[in-house]
> 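I'd like to ask you about the structure that follows.
These numbers were taken from a predicted model, which means no experiment stands behind them. Values below: all heavy atoms of this structure, side chains included; hydrogens, waters and symmetry mates excluded. All residue numbers in this chain count up from 1 along the given sequence.
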Amino acid sequence: MTANVAVETTPEIPLWNDPSHPVSARVDALIGAMTLQEKIAQLYGVWVGASANGGEVAPHQHDMEEAVDLDALLPSGLGQLTRPFGTAPVDPALGALSLLRTQTRITSANRFGIPAVAHEECLAGFAAWGATAYPVPLSWGATFDPDVIRRMATAIGRDMRAVGVHQGLAPVLDVVRDARWGRVEETIGEDPYLVGTIGTAYVQGLESAGIVATLKHFVGYSASRAGRNLAPSSVGPRERADVLLPPFEMAIREGGARSVMHAYTDIDGVPAAADETLLTGLLRGTWGFDGTVVADYFGIAFLKTLHGVAGDFADAAGAALEAGVDIELPTVKTFGAPLAEAVAEGRVPEALIDRALRRVLAQKAELGLLDRDWSPVPAALDGADLDDPETLRGKIDLDGPENRELAREIAEKAVVLLSNDGTLPLGRPRRIALVGPNATEPSAVLGCYSFPQHVGVKYPDIPVGIELPDLRASLTAEFPDAEITVVRGTGVDDGDLSGIAEAVDTARDADIVVVALGDRAGLFGRGTSGEGCDAESLALPGAQQHLLDALLDSGTPVVTVLLAGRPYALGRAVEDSAAIVQSFFPGVAGTRAIAGVLSGRTNPSGRLPVSVPRTPGSQPTTYLGAPLAQASEVSNIDPTPAFGFGHGLTYTTFAWSDLTVDAEEAPTDGEFTASLTVRNTGERTGTEVVQLYLHDPVASVVQPVRRLVGYTRLDLEPGEERRVRVTVPADVASFTGRDGHRIVEPGDLELRLATSSTDTRLTATVTLTGPVRVVDHTRRFHAEFSVE
C-alpha cells in the first residue's frame with residue numbers, strides 16, 4: 001500500500017497541474033499523492049457509446065464482459081474511454097458533446113480532476129458515423145506512395161482531434177505470411193520494407209495531428225498457423241527479427257509512435273501479453289521506446305481463458321504488468337478488483353503498478369490532460385451553443401471535400417492492372433454487361449473496420465452516413481452513352497448457380513463484359529474477409545469461379561474486376577480474361593477509381609502489395625521465399641504466383657537503360673550508388689515504380705532469393721526520360737546471423753532494379769569488403785532515391 005506523501009505545491013496550482021515543471025516531476029508528485037485504487041483506475045478503460053442526443057456516454061455491454069457501474073468507478077478516476085464514437089451511429093457533433101459532458105463528469109468525480117484518454121479505431125479512416133471511409137491498408141501498400149498516406153493520416157488525425165479523441169488504434173504493421181488469414185485486408189502487404197515505410201508515413205501523419213498512434217499487433221499475429229485467427233504462431237527468432245519486427249522498429253524510430261498494442265497470439269508457447277523479453281527487454285530496453293503498451297481487447301484475460309498461463313485474473317494482471325503492458329482495454333476486467341486484491345495479498349508488487357502508471361500519466365501530461373487550464377471542449381465545438389444540442393446536429397462534417405479528394409487520389413493510385421490484352425481502356429462501348437455479386441453492392445468498397453461494416457450493420461434502419469456509389473452507378477456516369485445491363489449471376493459466398501445462365505446470355509448480347517467479383521467484409525464469420533473471416537483456400541468464395549469460367553466461355557471479351565480484401569487465385573481467367581483489374585476495398589471513391597481505369601480517364605499506377613496466387617492451395621507462401629521455397633522437381637505443388645509482388649501494368653510503356661555503379665566495391669560500413677535512365681516510350685503520361693531488390697547469393701544463413709530494399713514512383717510525360725540515382729547503404733544488406741545478432745557480411749551482392757519481384761530489368765553485381773559488422777535498430781533503413 002502507498003501512504004500519501006508531501007509534495008511541492010503552490011497555493012493555487014498543484015505541481016502536477018503546472019506545465020512549467022518537467023513532466024517527470026509532475027508525474028512523480030501525482031503518483032505520490034494517489035491511493036492504490038486511484039493508481040489502478042488510470043490503467044484501464046471502459047467501453048462506452050456516445051449518446052445520440054448529446055448526453056453523457058453510456059457503458060457498452062459487450063458479450064464478453066460484465067456490465068460496468070460508472071458511478072462506482074469514477075470517484076477513483078478513469079484511464080481511457082473506449083470508442084465513444086465507434087460503438088453506435090451518432091451524429092458527430094452530438095457525439096462530441098456527449099464526450100465533452102462525460103469528460104466533465106470524469107474530472108469532477110475524481111479528486112485530481114484527471115480526464116480520460118479517448119481512443120478510437122482509425123484503420124481505414126476515423127471509425128465514426130459519417131466519417132470518410134478511406135481505402136484499406138492493403139490499398140495503401142498498393143500505392144507505393146508514403147506521401148499520400150501521410151497526408152491521409154494527417155486528415156484522419158485532424159478529424160479525430162477536433163471532436164475530442166486522443167488516441168488511434170492504427171496502423172497494423174503485421175506482415176502477411178499467409179493470405180488465407182482474414183485480416184490480410186488490414187495489413188499493408190507481404191514485404192517488411194513496404195509495410196515499414198507506408199506504416200511509418202501513416203504514423204507520422206497521425207502523430208502530426210496530435211493523435212497517439214498505436215502500432216499493432218506486436219508481434220507475430222499474422223504468422224498464425226494455417227491463417228487461422230488467434231492460432232499459435234510458428235515463427236523462428238530469425239523470421240521474427242528479419243520479417244516481422246522491422247516495420248515496428250521503423251515506425252518507432254522514424255515515425256515517433258507513442259503507443260504499441262500487444263498481439264493476441266503466442267510464439268513458441270509464450271503469449272505476447274506475458275512476454276517480458278518482448279515488451280520490456282526488446283521494446284523498451286533495446287529500442288528505447290518510452291510510450292504506452294496497451295492490451296489488445298480482452299487480451300489480458302485471454303492469458304487465463306485462452307492461453308492457460310494464468311490461474312486466475314489476478315495472475316493474468318500480474319503477468320501482463322510484469323511483461324510491460326500498461327493499460328487494459330477495452331474495459332476493466334483483470335486490472336480492476338483482481339489486481340487490487342493481488343496487491344493486497346502480496347502477489348503483485350505495487351511497484352509494477354507505479355511503473356505502468358508513470359508512463360500513462362506522462363502521456364496524459366504530454367497531451368495536456370493534466371494542465372490546470374485543460375478544457376473538455378474540443379475544437380469542433382468551440383463557440384457552439386452547448387445548451388441546445390439539436391442546434392449542433394449536422395454541424396460537424398467528417399466527410400468533407402478535402403477528405404473525399406484524398407480518398408479519390410489514394411483509390412486511383414491503388415488500383416492495380418494485372419493483365420490487359422489491349423481491350424483496356426474501353427473507349428466507348430455500346431453495350432456493357434455488368435455481372436457479378438459486387439456490381440450493385442455499395443459496401444463492396446469497404447473493409448471490416450470501416451464504420452458501416454464494423455458497426456453500422458447492426459443498425460440497418462439508420463442511413464450509412466456517407467455516399468457510396470456502387471459500380472453500376474460509377475460505370476453509368478463514366479460511360480453515359482452505353483447501354484449497361486446488370487445481372488447478379490451469383491452471390492459472394494452463397495454458392496448459387498441459378499443465375500449463371502442468365503449472366504451468360506447477357507454477356508453474349510454485349511460488346512464487353514465487366515464481372516465484379518471478390519469479398520464481403522465482415523467480422524467473425526459474417527463476411528468472407530475481415531477479422532475472424534479466414535479462408536480455407538484462396539479460391540474465389542462461393543460460386544464466383546463458376547460464374548467467371550462461364551462468362552469466359554461466352555465469346556465476349558471479359559474484364560475481371562476484383563473488389564476484395566485478399567488476393568485470390570483466378571484459375572483460367574489469368575490467361576483468358578481480356579483484362580484483370582485488382583482493387584483492395586478501395587473506399588468511398590473506389591468504384592469511380594475503377595471506372596476511370598476502365599475508361600482510360602486514369603492511367604493505372606498501383607502495384608501489388610501481395611502476390612496473386614496461381615493456384616488456390618499453395619499457401620502459406622510469399623515472394624520472400626528462400627531457394628527451397630521456389631518451384632522444384634521434388635514437389636508437385638508449384639508456389640509460383642500468377643502475378644508477383646510489385647506487379648502492375650499501365651497504359652504506356654517504359655524503357656530502362658544505362659545502369660552505372662559509381663564503385664563496385666564498398667566496405668561493410670559503406671554504400672553503393674547506382675544510376676539508371678527511365679524513359680516513357682508510350683503516348684500517354686504514366687507512372688513507373690522503380691523497385692530495388694537485393695539478392696545475396698552466399699550468406700551464413702539462408703536468405704530470400706530477393707527482398708525489397710527501396711522504391712520510388714516516377715511520373716513521366718510521353719517521351720520524357722529521367723536519370724534515377726539510388727544510394728544503397730551496406731546496412732540494408734543486414735540480416736540476423738547464427739548467433740542472433742544482426743550483421744552485414746562481406747561478399748558479392750546483386751542489386752536488381754525491377755518493375756516487380758518477378759520482372760528484373762537491370763542488375764549490378766557489387767562486393768562488400770572488410771570484416772563482418774554488427775548493426776542494430778539504429779542502422780540505416782533505406783536505399784535513398786533521387787531523380788535528376
> Rounded to the nearest 0.5 Å, how far does CE of Met261 lie from CG of Asp296?
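If I round to the nearest 0.5 Å, the distance is 4.5 Å.
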> Between Val68 and Val332, is any pair of side-chain heavy atoms under 4.5 Å apart?
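With C-beta onward as the side chain, the pair touches.
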> Looking at Asp290 and Arg359, is there a salt bridge between them, counting it only when a charged N and a carboxylate O are closer than 4.0 Å?
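Answer for the salt bridge query: no.
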> Between the main-chain N or O of Val57 and the side-chain N or O of Thr102, is there a donor-acceptor pair closer than 3.5 Å?
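Yes, because the side chain of Thr102 sits within donor-acceptor range (under 3.5 Å) of the backbone of Val57.
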> Aromatic rings His217 and Tyr221: how do their planes relate, parallel, tilted or perpendicular, breaks at 30° and 60°?
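Answer is perpendicular, since the angle exceeds 60°.
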> Of Ile252, Thr200, Val172, which meets side chain to side chain contact (heavy atoms under 4.5 Å, CB included) against Leu215?
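When Ile252, Thr200, Val172 are each tested with Leu215, the side chain to side chain contact (heavy atoms under 4.5 Å, CB included) holds only for Ile252.
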> So, the side chain of Asp382 versus the backbone of Val377: is there a donor-acceptor pair under 3.5 Å, distance only?
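Answer holds: no.
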> Rounded to the nearest 0.5 Å, what's the gap from OG on Ser139 to CD1 on Ile198? Could you check?
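These two atoms lie 11.5 Å from each other.
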> Which residues pass the salt bridge (Lys or Arg N to Asp or Glu O under 4.0 Å) test with Lys364, not counting sequence neighbours?
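Applying salt bridge (Lys or Arg N to Asp or Glu O under 4.0 Å) to Lys364 gives none.
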> Any side-chain heavy atom of Leu70 within less than 4.5 Å of one from Arg105?
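Result yes, sub-4.5 Å side-chain heavy-atom pair found.
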> Are the side chains of Pro609 and Ile188 in touch, meaning some heavy atoms are under 4.5 Å apart?
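No, too far: nothing below the 4.5 Å cut-off.
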> May I ask you to decide if Ile31's main-chain N or O and Trp16's side chain share a donor-acceptor pair within less than 3.5 Å?
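Checking the backbone N and O of Ile31 against the side chain of Trp16, no donor-acceptor pair under 3.5 Å is found.
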> If you apply the rule salt bridge (charged side-chain N to carboxylate O under 4.0 Å, His left out), what do you find for Arg404 with Asp399, and how did you get there?
CA-CA 7 Å; Arg404 295 191 74 92; Asp399 188 35; 2.6 Å; yes
> Is the side chain of Glu120 donor-acceptor paired with the backbone N or O of Gly86 at a distance under 3.5 Å, no angle test?
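Side chain of Glu120 to backbone of Gly86: a pair is present.
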> Applying ring-ring contact (aromatic ring centres under 6.0 Å, His included), can you list everything that pairs with Phe218, at least two apart in sequence or on another chain?
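Listed in chain order: Phe248, Trp287.
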> Side chains of Gln80 and Gln167: is there a donor and an acceptor less than 3.5 Å apart?
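Yes, Gln167 and Gln80 have a side-chain donor paired with an acceptor closer than 3.5 Å.
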> Any heavy-atom pair between the side chains of Pro389 and Asn53 that's under 4.5 Å?
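No - every pair of side-chain heavy atoms lies 4.5 Å or more apart.
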> Check the pair Ser529 / Phe585 against side-chain contact (heavy atoms from CB on, under 4.5 Å), numbers first and verdict last.
CA-CA 10 Å; Ser529 174; Phe585 292 141; 3.7 Å; yes
> Quick one: side chain to side chain donor-acceptor pair (under 3.5 Å) partners of Ser108, sequence neighbours excluded?
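Listed in chain order: nothing, the list is empty.
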> Test Thr82 against His119 for side-chain contact (heavy atoms from CB on, under 4.5 Å), laying out the working first.
CA-CA 6 Å; Thr82 293; His119 77 256; 3.0 Å; yes
> Does the distance from a Lys or Arg side-chain N to an Asp or Glu carboxylate O, for Arg258 and Glu207, drop under 4.0 Å?
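Salt bridge: yes.
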> Quick one: does Asp91's side chain have a donor or acceptor within less than 3.5 Å of a partner on Gly394's backbone?
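Side chain of Asp91 to backbone of Gly394: a pair is present.
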> With sequence neighbours excluded, what pairs up with Trp47 under the ring-ring contact (aromatic ring centres under 6.0 Å, His included) test?
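Partners of Trp47 under the ring-ring contact (aromatic ring centres under 6.0 Å, His included) test: His60, His62, Tyr297.
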> Do Gln204 side-chain atoms and Glu254 backbone N/O form a donor-acceptor pair below 3.5 Å?
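Flag set: sc Gln204 to bb Glu254 pair under 3.5 Å.
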> Scan for ring-ring contact (aromatic ring centres under 6.0 Å, His included) pairs involving residues 75-105, sequence neighbours excluded, and state none if there are none.
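For residues 75-105: Phe85-Phe126.
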> Roughly how far apart are Thr214 OG1 and Leu173 CG, rounded to 0.5 Å?
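The distance works out to 11.0 Å.
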> Evaluate the side-chain contact (heavy atoms from CB on, under 4.5 Å) criterion for residues Ile114 and Leu30: first the C-alpha distance (whole Å), next the side-chain angles of each, then the deciding distance (0.1 Å), finally the verdict.
CA-CA 11 Å; Ile114 306 171; Leu30 183 52; 3.8 Å; yes
> Please check this pair: side chain of Thr187 against backbone of Val184, looking for a donor-acceptor N/O pair closer than 3.5 Å.
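Yes, because the side chain of Thr187 sits within donor-acceptor range (under 3.5 Å) of the backbone of Val184.
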> Under 4.5 Å between any side-chain heavy atoms of Tyr134 and Asn403, yes or no?
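SC-SC contact between Tyr134 and Asn403 confirmed.
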> Quick one: does any side-chain atom of Glu185 pair with a main-chain N or O of Phe584 as donor and acceptor, under 3.5 Å?
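Answer holds: no.
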> State, with a plain yes or no, whether a side-chain heavy atom of Trp374 is found less than 4.5 Å away from one of Pro376.
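A side-chain contact exists here, since the closest heavy-atom pair is under 4.5 Å.
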> What residues, two or more places apart in sequence or in another chain, satisfy salt bridge (Lys or Arg N to Asp or Glu O under 4.0 Å) together with Glu478?
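Partners of Glu478 by the salt bridge (Lys or Arg N to Asp or Glu O under 4.0 Å) criterion, ordered by chain and then number, come out as Arg601.
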> Go through the structure and list residues passing side-chain contact (heavy atoms from CB on, under 4.5 Å) with Glu38, not counting sequence neighbours.
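Checked Glu38 against side-chain contact (heavy atoms from CB on, under 4.5 Å); matches are Met34, Thr35, Arg111, Phe112.
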> Please report the interatomic distance CE(Met152) to OG1(Thr132), rounded to the nearest 0.5 Å.
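So the CE of Met152 and the OG1 of Thr132 are separated by 11.0 Å.
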> For Arg151, what residues pass the salt bridge (Lys or Arg N to Asp or Glu O under 4.0 Å) criterion, not counting sequence neighbours?
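Only Asp147, Glu409 meet the salt bridge (Lys or Arg N to Asp or Glu O under 4.0 Å) criterion with Arg151.
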> For Tyr44, give me all partners under ring-ring contact (aromatic ring centres under 6.0 Å, His included), at least two apart in sequence or on another chain.
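For Tyr44, no residue satisfies ring-ring contact (aromatic ring centres under 6.0 Å, His included) once neighbours in sequence are set aside.
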> Would you sort out whether Arg161 and His166 count as a side-chain contact (heavy atoms from CB on, under 4.5 Å), showing the intermediate values?
CA-CA 6 Å; Arg161 200 70 191 92; His166 308 101; 3.6 Å; yes
> Report all side-chain donor-acceptor pairs from residues 453-462 shorter than 3.5 Å, counting only partners two or more places apart or in another chain.
residue : atom : partner : partner atom : Å
Gln453  : NE2  : Ala521  : O            : 3.1
His454  : ND1  : Cys448  : O            : 2.9
His454  : NE2  : Arg83   : NH1          : 3.3

> Quick one: side chains of residues 466-476, donor-acceptor pairs under 3.5 Å with protein atoms, not counting sequence neighbours, listed by atom name and distance.
residue : atom : partner : partner atom : Å
Glu467  : OE2  : Arg592  : NH2          : 2.7
Asp470  : OD1  : Arg472  : N            : 3.3
Asp470  : OD1  : Ala473  : N            : 2.8
Ser474  : OG   : Thr591  : OG1          : 2.7
Ser474  : OG   : Arg592  : N            : 3.4
Thr476  : OG1  : Arg472  : O            : 2.8

> Would you find a donor on one side and an acceptor on the other, under 3.5 Å apart, between the side chain of Ser98 and the backbone of Gly95?
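Not confirmed, Ser98 side chain does not pair with Gly95 backbone.
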> Determine whether Val415 and Thr602 make a side-chain contact, defined as any pair of heavy atoms from C-beta on separated by less than 4.5 Å.
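A side-chain contact under 4.5 Å is absent here.
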> Measure from the side-chain N and O atoms of Thr292 to the backbone N and O of Ser259, and report whether any donor-acceptor pair falls under 3.5 Å.
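Checking the backbone N and O of Ser259 against the side chain of Thr292, no donor-acceptor pair under 3.5 Å is found.
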> Taking atom CG of Asp326 and atom CG of Leu357, what is their separation to the nearest 0.5 Å?
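So the CG of Asp326 and the CG of Leu357 are separated by 9.5 Å.
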> Is it the case that atom CD in Glu402 sees more than 12 heavy atoms from other parts of the structure closer than 6.0 Å?
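Result for CD/Glu402: open.
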> First locate atom CG of Leu398, then atom CD1 of Ile156, and finally report the distance between them rounded to the nearest 0.5 Å.
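With rounding to 0.5 Å, CG (Leu398) is 11.5 Å from CD1 (Ile156).
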> Contact between Ser24 and Arg358 at the side-chain level, heavy atoms closer than 4.5 Å - yes or no?
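No, their side chains stay 4.5 Å or more apart.
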> Restricting to non-hydrogen atoms, name the atom on Val165 and the atom on Leu99 that form the minimum distance, rounded to 0.1 Å.
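Looking at all heavy atoms of both residues, the closest pair is N-CD2, 4.4 Å.
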> Can you name the ring-ring contact (aromatic ring centres under 6.0 Å, His included) partners of Tyr202, sequence neighbours left out?
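Here the qualifying residues are Trp140.
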> Any salt bridge between Lys39 and Asp354, counting N to O under 4.0 Å?
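Yes, Lys39 and Asp354 are salt-bridged.
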